[in-house]
Amino acid sequence: MKVTVSMITMNEEGAVAKVIGDIRRVVPEAEILLVDSSRDRTPDIAASLGCRVIRQFPPQGYGPAMNRAVREASGDVVVTLDCDDTYPVEAIPQLVDLIREGNDLVNTTRVHRRPKAMPFANFLANRAFALAARILHGIRTTDLHSGMRAYRKSMIDQVEWSEHGPALPVDMLLIPYRRGFRIAEVPIDYRERIGVTTLHRFSSTLWTLKRIWWARRAR
Ligand SMILES: Nc1nc2c(ncn2[C@@H]2O[C@H](COP(=O)(O)OP(=O)(O)OP(=O)(O)O)[C@@H](O)[C@H]2O)c(=O)[nH]1
Ligand SMILES: [Mg+2]
């Protein structure tokens, strides 16, 4: 199975070379795709390291970038992760194997226990969102917001979500679950980020709850 590692990037010049180097060591054959909305040197660094770079500028936000990052992948499996050094690239082969074994989506959870790199409020919020999703949809997950996942590309081609507004990872998990696709979840370690966060707590919380509620319509 051909693998694409897709990342979306906005001003990650401090992390991008390290993250790409780490991915290459683990999955040398994989296509590395970036959907980039940076003002800094991130896209030049990635292109000089042989990655495929799609520019989305001016920035349209996380959702439109992530939607493109999974839809434009040329692999049979698309692995996503943030380009900020928070996610363990060593887990990529395990995620790909789980797709090969018949899963359509492999989610990772950062909050099987509280990671040191995550503020306690974020940890509690993540657990509360997951509990709400479990009550409304029956899904057994602890992390609706993980940026590290593997998706079967043929599944992506069959599902739609609304790319506008924050918290798209919620829909990218709940809609395939409701549509009956096979989903697995594995725990991962989560590290301190290089560079500054783009997370807006208030709008992210609001949109998370909206998306959990709206996903009831998917079947
Ligand atoms: N192309 C593009 N990338 C974005 C945009 N917003 C965020 N990103 C990237 O999306 C990824 C996730 O953003 P982060 O700032 O790490 O947000 P987060 O993971 O929720 O928060 P942290 O816990 O601080 O890592 C990073 O690789 C960002 O560079 C955007 O508007 N366009
Ligand atoms: Mg991040």
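First listed ligand is number 1; within each ligand, the first listed atom is number 1. From a predicted model like this one, the values you see are computed outputs, not experimental measurements.
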Polar proximity ligand 1 side, Thr86 side, N/O cut 3.5 Å exclusive:
no
Of all N/O/S atoms in Asp84, the name of the one nearest the Mg ion (ligand 2)
OD2
Taking the side chain as C-beta and beyond, is there a heavy-atom pair between Met7 and Ile23 under 4.5 Å?
yes
If we ignore angles and hydrogens, is there a donor and acceptor under 3.5 Å between the side chains of His137 and Arg216?
no
For ligand 1, is Gly61 a contact, meaning one of its heavy atoms is under 4.0 Å away?
yes
Give a yes-or-no answer on whether the side chains of Tyr151 and Arg149 include a donor-acceptor pair shorter than 3.5 Å.
yes
Do Ser146 and Thr108 have side-chain atoms, one donor and one acceptor, less than 3.5 Å apart?
yes
Just need the protein heavy atom nearest to atom 24 (O) of ligand 1, so name the residue and atom and give the distance.
Thr197 OG1, 2.7 Å
Could you check whether Ser74 and Glu31, counting side-chain N and O atoms only, form a donor-acceptor pair closer than 3.5 Å?
yes
Out of Asp36, Asp82, Thr42, Thr198, whose heavy atom is nearest to atom 19 (O) of ligand 1?
Asp82
Ala65 heavy atoms, cut-off 4.0 Å: which ligand 1 atoms fall inside?
1 (N), 2 (C), 32 (N)
Who's the nearest protein heavy-atom neighbour of atom 20 (O) of ligand 1, and how far?
Leu199 CD1, 3.9 Å
May I ask whether Arg193 has any heavy atom positioned less than 4.0 angstrom from an atom of ligand 1?
yes
To check your reading of the model: name the closest protein heavy atom to atom 6 (N) of ligand 1, its residue, and the distance in Å.
Met10 CE, 3.8 Å
Identify, by atom number and element, the atoms of ligand 1 in contact range of Asp84, meaning under 4.0 Å from any of its heavy atoms.
16 (O), 25 (O)
the protein heavy atom lying closest to atom 27 (O) of ligand 1 turns out to be Ile8 O, 2.9 Å
Side chains of Thr141 and Glu185, donor plus acceptor under 3.5 Å
yes
Identify the protein heavy atom lying closest to atom 2 (C) of ligand 1, giving its residue, its atom name and the separation to 0.1 Å.
Ser37 OG, 3.4 Å
Looking at ligand 1, is there an atom of it that comes within less than 4.0 Å of some heavy atom belonging to Glu12?
yes
Looking at ligand 1, would Phe57 count as a contact under a 4.0 Å heavy-atom criterion?
no
Using only N, O or S atoms, tell me which atom of Asp82 is closest to the Mg ion (ligand 2).
OD2
For Cys83, the ligand 1 atoms with a heavy-atom partner under 4.0 Å come out as 27 (O)
Which atoms of ligand 1 sit under 4.0 Å from any heavy atom of Tyr62?
10 (O), 12 (C), 30 (C), 31 (O)
